[in-house]
Amino acid sequence: MKDELRLTRNETLVLSVLRDESGPHTAYQILDRLRGDGLKAPLQVYRALRSLSERHLVHRLESLNAFVACNHHHGDHHHATIFSICQTCGQVSEATDATLDAALAALAQRQRFKLENAAVEIRGLCSACASATHSSPDEA
């Protein structure tokens, strides 16, 4: 990605943590991981996260007050992002859907609202956790 070529050292470190780790992380969890790399203040992490968010390289999960690395290119059109959050293992999947984009655009237009960004967070069980739940011996 072109934007990744211009990352600062702190942005590169923060993005690396989010890409290397499974699940979402708070700014303080990121800071704890990067103290050995010289990051000492939360503000350093928050600045990097803000810049990475503006470039669509990371996303903030509002309900968790945590961040995940983006797993696809957004291009020039800003699609609504759908985050599926597993309530058991914490895995987060990211997706877009043209039908949802159209529905949100129509809703915004009906309300005379200028839509700039949209994210939907859904909670449930990932396929692995759902399978484990259905094969649990406790259900017998």
Side-chain angles (χ1 to χ4, degrees):
M1 248 187 230
K2 203 166 34 169
D3 279 341
E4 289 187 47
L5 298 176
R6 296 174 285 184
L7 295 180
T8 66
R9 178 180 179 276
N10 290 356
E11 291 166 352
T12 300
L13 290 169
V14 168
L15 186 57
S16 292
V17 167
L18 291 173
R19 285 187 172 159
D20 291 345
E21 299 290 325
S22 63
H25 292 286
T26 67
Y28 283 92
Q29 289 170 325
I30 295 168
L31 178 61
D32 287 343
R33 282 282 318 275
L34 295 176
R35 286 189 193 280
D37 292 297
L39 272 72
K40 305 219 182 300
L43 188 56
Q44 293 173 292
V45 174
Y46 281 114
R47 282 183 183 147
L49 287 167
R50 182 178 56 240
S51 177
L52 293 167
S53 293
E54 289 169 357
R55 296 175 190 196
H56 303 288
L57 295 173
V58 303
H59 296 290
R60 181 171 187 256
L61 299 172
E62 299 291 333
S63 66
L64 300 176
N65 193 24
F67 298 84
V68 293
C70 179
N71 68 14
H72 73 278
H73 180 63
H74 288 266
D76 293 332
H77 178 70
H78 298 288
H79 298 281
T81 308
I82 306 145
F83 297 103
S84 302
I85 304 168
C86 181
Q87 297 178 136
T88 300
C89 70
Q91 176 184 319
V92 177
S93 300
E94 178 183 349
T96 60
D97 183 83
T99 304
L100 179 61
D101 285 342
L104 291 172
L107 175 66
Q109 185 176 18
R110 283 194 309 272
Q111 295 181 345
R112 295 185 180 102
F113 182 80
K114 184 178 182 256
L115 180 63
E116 293 181 1
N117 187 13
V120 177
E121 296 180 23
I122 59 176
R123 295 176 173 278
L125 299 177
C126 69
S127 60
C129 291
S131 294
T133 299
H134 288 291
S135 63
S136 172
D138 295 336
E139 291 182 18

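The figures here come from the full heavy-atom set of this structure, side chains too, leaving out hydrogens, waters and symmetry mates.
- The side-chain heavy atoms of Val58 and Val14, taken from C-beta on, include no pair separated by under 4.5 Å.
- With Phe83 as reference, Val92 is the one residue of Val120, Val92, Ile122 to meet the side chain to side chain contact (heavy atoms under 4.5 Å, CB included) rule.
- Taken from CG in Asp97 to OG1 in Thr81, the straight-line distance is 11.5 Å, to the nearest 0.5 Å.
- Within 6.0 Å of atom CZ in Arg47, 12 or fewer heavy atoms from other residues, nucleotides or ligands are found, so the atom counts as exposed in its surroundings.
- Arg112 pairs by the side chain to side chain donor-acceptor pair (under 3.5 Å) definition with nothing, not counting sequence neighbours.
- Distance check, rounded to the nearest 0.5 Å: CG of Asn71 to CD of Glu94 gives 4.0 Å.
- By the rule that hydrophobic residues join a cluster once side-chain heavy atoms approach within less than 4.5 Å of another member, Leu115 and Ile82 end up as members of one cluster.
- The shortest heavy-atom contact between Leu104 and Ala118 is CD1-CB, 3.8 Å.
- More than 12 heavy atoms of other residues, nucleotides or ligands shown are found within 6.0 angstrom of CD on Glu121.
- Taking CG from Leu49 and CG from Leu18, the interatomic distance works out to 6.5 Å, rounded to the nearest 0.5 Å.
- With rounding to the nearest 0.5 angstrom, the CD atom of Gln29 is 11.0 Å from the CG atom of Leu31.
- The minimum heavy-atom distance linking Cys70 with His56 is given by the pair CB-O, 3.3 Å.
- Looking only at side-chain heavy atoms (C-beta outward), Leu57 and Leu7 come within less than 4.5 Å of each other.
- Side-chain contact between Val68 and Gln91 is absent, with no heavy atoms from C-beta onward closer than 4.5 Å.
- Note on Leu52: it does not cluster hydrophobically with Leu43, by side-chain heavy-atom contacts below 4.5 Å among ILVMFWY residues.
- Minimum interatomic distance between Arg55 and Arg6 (heavy atoms only, all atoms of both residues): NH1-O, 3.6 Å.
- The closest side-chain heavy-atom distance from Ile85 to Ser63 is below 4.5 Å.
- Checking side-chain atoms of Gln87 against main-chain N and O of Arg123 turns up no donor-acceptor pair under 3.5 Å.
- For the atom pair CG of Leu39 and CG of Asn10, the computed distance is 4.5 Å after rounding to the nearest 0.5 Å.
- Here Gln111 pairs with nothing under the side chain to side chain donor-acceptor pair (under 3.5 Å) rule; sequence neighbours left out.
- Between Leu100 and Ala80, the shortest heavy-atom distance links the atoms CD2-CB, 4.2 Å.
- Taken to the nearest 0.5 Å, the CZ atom of Arg60 stands 4.5 Å off from the CG atom of Asn65.
- Summarising the geometry of Cys89 relative to Cys126, their closest heavy-atom pair is SG-SG, 3.8 Å, with the distance given to 0.1 Å.
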